[in-house]
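The structure under discussion appears below in the form of structure tokens.
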There are 2 protein chains.
Amino acid sequence: MTEVPAVEARQTGSQRVVSYFKERILRGHLKVGDRVMPERELAQELNVGRPLLREVMKSLVMLGFLDVRQGSGTYIARADIRVLSDFFTFCLSQEQDILEDVMQARMAIECQAIRLACERANEADLSRIGQWLSALIETLGDPEAGGRADFMFHQSIVAASHSRSLTTLYGAMSELLQRSHVQRRATTYRNPNIVRVLVEAHREVFLSIVAKDADQADRRLREHFAIGDDLRRKSLIETYRSGLERKLN
Amino acid sequence: MTEVPAVEARQTGSQRVVSYFKERILRGHLKVGDRVMPERELAQELNVGRPLLREVMKSLVMLGFLDVRQGSGTYIARADIRVLSDFFTFCLSQEQDILEDVMQARMAIECQAIRLACERANEADLSRIGQWLSALIETLGDPEAGGRADFMFHQSIVAASHSRSLTTLYGAMSELLQRSHVQRRATTYRNPNIVRVLVEAHREVFLSIVAKDADQADRRLREHFAIGDDLRRKSLIETYRSGLERKLN
DNA sequence: TGGGAGCATTGGTAAGACCAATGTAGTCCG
DNA sequence: CGGACTACATTGGTCTTACCAATGCTCCCA
């Protein structure tokens, strides 16, 4: 783990605790659901104080590696993607412009997922995507609900890839992405022409999945993203123009 | 963060500490490089004992949020991608088959990154990619060094995207990916025909970046991945055949 | 003016104490 | 005999106090 000593042969107590868990988890001696030795006993075995042991174990809890139950014991946890989500949220708080760049990661994942969805989607997957397409159409006048339906449409496509890596990464970014969807909706929902174009684009995406055409699905999805990009460009131009006119007044 | 209380109005000490940091970091009151109040003082202000405060802060250190210097103080850290790397490593240890699926995430990121690289790569980027292509060719007989050069070739492409999200995600998977590269090399380096095809595929990838043709670059990269897939399929067939012949003997 | 020493500050760690939650075993009653 | 309740043991949660280790700052001397 990140606190492994770089050079020092003799480990600090803290490092010994980290190593104890890292080794046993990574080598499979401790598996999901396995119970860890009680704190007092483990502290003794590792020759550290209990507070130190608890510090490290608290860290592992928050990293999602351990699951602690008071009165019962400490168990190896199943990996929890909220850790990734927290991490991305933290990154965003450091760089206010990152939401724009996260779109690149979003496109990466969705375009790969849609290719897999063309191979792997079952009837339930297709039905779900179709339902969210309908929901998207029904909520055109409402940026909040529409944004959510839009997000769920996309999320269903990623789920239809049946790839744990892709769904994990997408899930990690879902908070950021939902925010992004609502924002994009808020800039578009009043213009009927744009709304119609967007609905058509989503429909084409869905149809290409049904047709199991991976290249076309990828292309349609990228076209769909490009509509949003054009939108934002026009919106900036208008903002700039009206800003100028206000200055001249 | 993941330990925020679901229902309880009155927070435990532990939760108060988490909230203290979450609020200040996410709202920008504490920025990268800012120094945090000393432990004893902060413990008093939050009405908790120092060991408890230290537990939470240790967690935040391992999540990459804080940087602690003994004798100096605690500072808000710059996000550290090694946290993601640890997390993926942990996930892998839980599911032995995940390395295969990580390839999907790899393809997602690289195919999006190569599109961006076609727009954004500067002379230094292109030069670096070219150098790793040469290194790859020079190390054809050595799976270890060749695997590394192969990985670095790909990593340079992702870096040329100049997208923080993509480079962050790719960095998080880099340990897994390097392992994957070495393994793939170990199954191919003895067959001159396959090696020649692979070298050509890498060269085509590079040339399409230089040509700034995003669609072609994407396509070439996918073709390159497909060669590896064919390889593995053939390898499985042979394994199955020789397994059968051994049974008949 | 620069270097060294001393002291204050801040983090690192431990022992011991006590509280909170859970699990287990034993007993009693229907 | 089975289920419910109680008591106690176990395990985690938290705190106080003490001491050690590392860094930074200030003052004094050459």
Side-chain angles (χ1 to χ4, degrees), chain A residues 1-21 24-25 30 33-77 80, chain B residues 1-21 24-25 30 33-77 80:
Chain A
M1 307 204 171
T2 55
E3 224 179 330
V4 174
V7 179
E8 193 163 327
R10 178 149 187 83
Q11 294 186 308
T12 63
S14 180
Q15 289 156 351
R16 281 203 302 283
V17 178
V18 171
S19 296
Y20 174 88
F21 281 102
R24 278 158 185 76
I25 293 178
L30 284 177
D34 284 359
R35 186 165 174 280
V36 177
M37 197 185 302
E39 287 182 359
R40 290 172 177 89
E41 212 175 298
L42 187 52
Q44 200 160 22
E45 171 159 332
L46 296 176
N47 204 30
V48 297
R50 192 167 152 234
L52 179 59
L53 179 81
R54 289 183 52 82
E55 280 183 30
V56 176
M57 282 169 75
K58 179 78 169 182
S59 308
L60 299 177
V61 168
M62 285 186 69
L63 277 165
F65 296 0
L66 298 183
D67 174 28
V68 168
R69 292 174 224 151
Q70 182 176 350
S72 172
T74 300
Y75 302 83
I76 305 298
D80 180 359
Chain B
M1 309 207 172
T2 55
E3 222 178 336
V4 176
V7 179
E8 194 162 329
R10 178 149 187 87
Q11 293 186 310
T12 62
S14 180
Q15 290 156 350
R16 283 202 302 282
V17 178
V18 171
S19 296
Y20 174 88
F21 282 102
R24 280 158 184 74
I25 293 178
L30 285 175
D34 285 358
R35 186 163 172 280
V36 177
M37 197 183 302
E39 288 182 0
R40 291 171 177 88
E41 211 177 300
L42 186 53
Q44 201 162 22
E45 170 158 333
L46 295 176
N47 205 27
V48 296
R50 193 168 151 231
L52 179 58
L53 179 82
R54 288 183 53 81
E55 279 181 32
V56 175
M57 283 170 73
K58 179 80 171 181
S59 307
L60 298 178
V61 168
M62 286 187 70
L63 277 164
F65 296 179
L66 297 183
D67 174 28
V68 169
R69 293 174 223 151
Q70 182 175 349
S72 169
T74 299
Y75 302 83
I76 304 297
D80 182 356

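Just so we're clear, the structure is a prediction, and the values are computed from it rather than from any experiment. By convention in this document, chain letters (A, B, ...) are assigned in the order of the sequence lines, proteins followed by strands, and residues within each chain are numbered from 1.
- Side-chain atoms of B/Arg69 do not come within 3.5 Å of backbone N or O of B/Tyr75 as any donor-acceptor pair.
- Side chain of A/Arg16 to main chain of A/Asn47: a donor-acceptor pair is present (N/O by atom type, distance under 3.5 Å, no hydrogens or angles).
- Counting all heavy atoms, side chain and backbone alike, A/Gly73 lies closest to A/Arg35 at CA-NE, 4.0 Å.
- Rounded to whole Å, the distance from CG on B/Leu53 to C1' on D/dT16 is 15 Å.
- Between A/Asn47 and A/Arg40, the one whose closest nucleotide on DNA chain C sits nearer the 5' end is A/Asn47.
- Pairing each heavy atom of B/Leu66 with each of B/Ala77, the nearest pair is C-CB, 3.7 Å.
- Residue A/Arg69 is in sugar-phosphate contact alone, with no base atom involved, counting any heavy-atom pair closer than 4.0 Å across all strands shown.
- With B/Glu41 contributing its side chain and B/Pro38 its backbone, the two residues share no donor-acceptor pair below 3.5 Å.
- Here the side chain of A/Arg54 pairs no donor or acceptor atom with the backbone of A/Glu39 at under 3.5 angstrom.
- Once rounded to the nearest 0.5 Å, the distance linking CZ of B/Arg24 with OG of B/Ser19 reads 10.0 Å.
- Atom-to-atom, CD of B/Gln44 to P of D/dC15 comes out at 13 Å; the value is rounded to the nearest Å.
- Base contact: A/Gly71 has a heavy atom under 4.0 Å from a base atom.
- When the P atom of D/dG24 is taken as reference, atom CZ of B/Arg35 falls 10 Å away, rounded to whole Å.
- Each of A/Ser72 and A/Pro51 lies near DNA chain D, and the nucleotide nearest A/Ser72 is the one positioned closer to the 5' end.
- If you walk DNA chain C from 5' to 3' and mark each nucleotide with an atom closer than 4.0 Å to a heavy atom of chain B, the marks span C/dT10 to C/dT13.
- What separates NZ of A/Lys58 from P of D/dG12 is a distance of 14 Å, to the nearest Å.
- Look at OH on B/Tyr75: it is 12 Å from P on D/dT23, rounded to the nearest Å.
- Contacts of B/Pro38 with the nucleic acid, taken as non-hydrogen atoms under 4.0 Å apart, involve only primed sugar atoms and P, OP1 or OP2.
- The CZ atom of B/Arg16 sits 11 Å away from the C1' atom of D/dT14 (whole-angstrom rounding).
- Computed from coordinates, the B/Arg50 CZ to D/dC19 P distance equals 14 Å when rounded to whole Å.
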